[in-house]
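First the structure, in the form of structure tokens, and then the observations on it.
Since the model is a prediction, treat every value here as computed from it, not as a measurement. In this chain, numbering begins with 1 at the start of the sequence shown.
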Amino acid sequence: MNILTEEVAIEGKNIIKDFQLSDTKTRVLKNISLKVIQGEFVSIMGQSGSGKSTLLYILGGLDVPTSGSVFMNGMDISKFNDEKMSRIRRQNIGFVFQFYNLIPNLNVAENIMLPLLLDGKKMRDYKKPLKDILEVVGLSDKRGHTPRELSGGQQQRVAIARALIGNPEILFADEPTGNLDSHTGAEIMSLLQRINKERGQTIIMVTHSPEAAKSSNRVITVSDGLLQ
């Protein structure tokens, strides 16, 4: 059972994001503040161009705000340099995207282990975590297969396992069902919901799908760069 604590997993304070194109400045996020509690599964919804993905990327350290702060473990990660932020993304954060971003010539186990290998870890030291996460995503019998031998849903399961193998504090998901049919998308959402409940995994997900958002504990709506 997932028991929510009152401990804050991540907090955004007064986030503003501007994009400059030639002489035109567009304010995409307009002074947004929010908190996500450890163990929450939060969906961020909004129409295309609302700023929801920009907010996700800023919270996850893939982008930086024009002004404002993002706090994780009491640290303002929005002020970290590239090297320090890269380490945080490798060790404290997991990402799942609409497109699976798997390496075609690596098998399932190698794709899952890639973030740890890039962080200098040894595959032999993660035999049990790898076995466990393969069981969680239902791919124990596919560990030697390459991405081209998998369905889209199976590839997304590999991507989820890759995001979780380092035991991240927060899992960020950007339209994780956006490239899948409705039945397969529902299976992926069921998996994420189970990961949240059974592992207590904090998840922050961007989705345009009301059905997908039903799997979360809380829905945040972004409209014209503002929280509704």
Side-chain angles (χ1 to χ4, degrees), residues 9-10 12 15 17 19 26 28-29 32 34 36 40-63 89 93-104 106 108 111-112 114-115 133 136-139 142 145-165 168 170-197 199 201-228:
I10 194 165
I15 295 173
K17 182 63 179 181
F19 286 109
T26 301
V28 178
L29 298 178
I32 284 180
L34 76 163
V36 176
E40 268 197 297
F41 185 168
V42 175
S43 290
I44 302 174
M45 297 193 70
Q47 296 182 346
S48 296
S50 63
K52 62 184 184 298
S53 289
T54 300
L55 176 60
L56 186 83
Y57 295 158
I58 288 174
L59 292 174
L62 292 177
D63 199 356
R89 285 196 299 266
I93 293 172
F95 282 97
V96 177
F97 298 98
Q98 178 176 349
F99 299 100
Y100 325 120
N101 299 325
L102 303 180
I103 307 300
L106 298 182
V108 166
N111 266 290
I112 292 171
L114 190 59
I133 202 65
V136 168
V137 300
L139 292 175
K142 303 290 185 183
H145 289 57
T146 58
R148 67 179 61 90
E149 298 174 290
L150 305 176
S151 67
Q154 289 170 333
Q155 290 185 61
Q156 189 63 296
R157 288 171 182 268
V158 176
I160 291 169
R162 179 183 58 192
L164 292 173
I165 188 64
I170 304 173
L171 177 67
F172 292 93
D174 187 13
E175 300 281 9
T177 64
N179 203 34
L180 302 171
D181 63 72
S182 58
H183 175 74
T184 307
E187 291 181 340
I188 292 298
M189 290 314 306
S190 178
L191 173 62
L192 289 176
Q193 189 176 49
R194 182 160 54 85
I195 288 167
N196 167 250
K197 289 181 177 178
R199 296 167 60 99
Q201 178 68 59
T202 306
I203 301 175
I204 303 175
M205 176 183 72
V206 158
T207 183
H208 67 275
S209 166
E211 284 301 312
K214 288 179 182 177
S215 297
S216 59
N217 308 130
R218 177 162 61 109
V219 177
I220 294 171
T221 302
V222 181
S223 178
D224 295 326
L226 295 166
L227 295 188
Q228 299 301 299

Considering all heavy atoms, the nearest [X]-[Y] contact:
X: Ile15; Y: Leu55; answer: CD1-CD1, 4.2 Å
X: Gly51; Y: Val28; answer: CA-CG1, 3.8 Å
X: Pro147; Y: Pro104; answer: CD-O, 3.5 Å
X: Arg162; Y: Asn101; answer: NH1-O, 2.8 Å
X: Gln156; Y: Gln98; answer: NE2-O, 4.0 Å
X: Leu171; Y: Phe95; answer: CD1-N, 4.3 Å

Do other residues, nucleotides or ligands put more than 12 heavy atoms under 6.0 Å from Asp181 CG? yes
Distance in Å, [X] [atom1] paired with [Y] [atom2], rounded so as to fall on 0.5 Å steps:
X: Ile195; Y: Phe41; atom1: CD1; atom2: CZ; result: 9.0 Å
X: Ile160; Y: Gln155; atom1: CD1; atom2: CD; result: 12.5 Å
X: Ser215; Y: Ile188; atom1: OG; atom2: CD1; result: 11.0 Å
X: Ile170; Y: Thr202; atom1: CD1; atom2: OG1; result: 6.0 Å
X: Ile32; Y: Ile44; atom1: CD1; atom2: CD1; result: 8.5 Å
X: Lys52; Y: His208; atom1: NZ; atom2: NE2; result: 8.0 Å

Are [X] and [Y] packed together at the side-chain level, in the sense that at least one heavy-atom pair is separated by less than 4.5 angstrom?
X: Leu227; Y: Thr221; value: no
X: Val137; Y: Val158; value: no
X: Leu164; Y: Gln201; value: yes
X: Phe172; Y: Val96; value: no
X: Ser216; Y: Val42; value: no
X: Arg218; Y: Ser43; value: no
X: Arg157; Y: Leu191; value: yes
X: Ile112; Y: Val108; value: yes

Has the side chain of [X] got a donor or acceptor atom that lies under 3.5 Å from a matching backbone atom of [Y]?
X: Thr177; Y: Leu180; value: no
X: Arg194; Y: Val136; value: yes
X: Ser209; Y: Ala212; value: yes

Kindly indicate, with the supporting measurements, whether the criterion side-chain hydrogen bond (donor to acceptor under 3.5 Å, both in side chains) is fulfilled by Thr146 and Glu149. CA-CA 6 Å; Thr146 58; Glu149 298 174 290; 3.1 Å; yes
Could you go step by step and tell me if Lys142 and Leu150 meet the side chain to side chain contact (heavy atoms under 4.5 Å, CB included) rule? CA-CA 8 Å; Lys142 303 290 185 183; Leu150 305 176; 4.2 Å; yes
Between Tyr100 and Asn111, do the side chains contain a donor N or O and an acceptor N or O under 3.5 Å apart? no
Please check if any side-chain donor atom of Ser50 sits under 3.5 Å from a side-chain acceptor atom of Gln47, or the reverse. no
Begin from the C-alpha positions of Asp63 and Lys17 and carry the test side chain to side chain contact (heavy atoms under 4.5 Å, CB included) through to its verdict. CA-CA 10 Å; Asp63 199 356; Lys17 182 63 179 181; 3.2 Å; yes
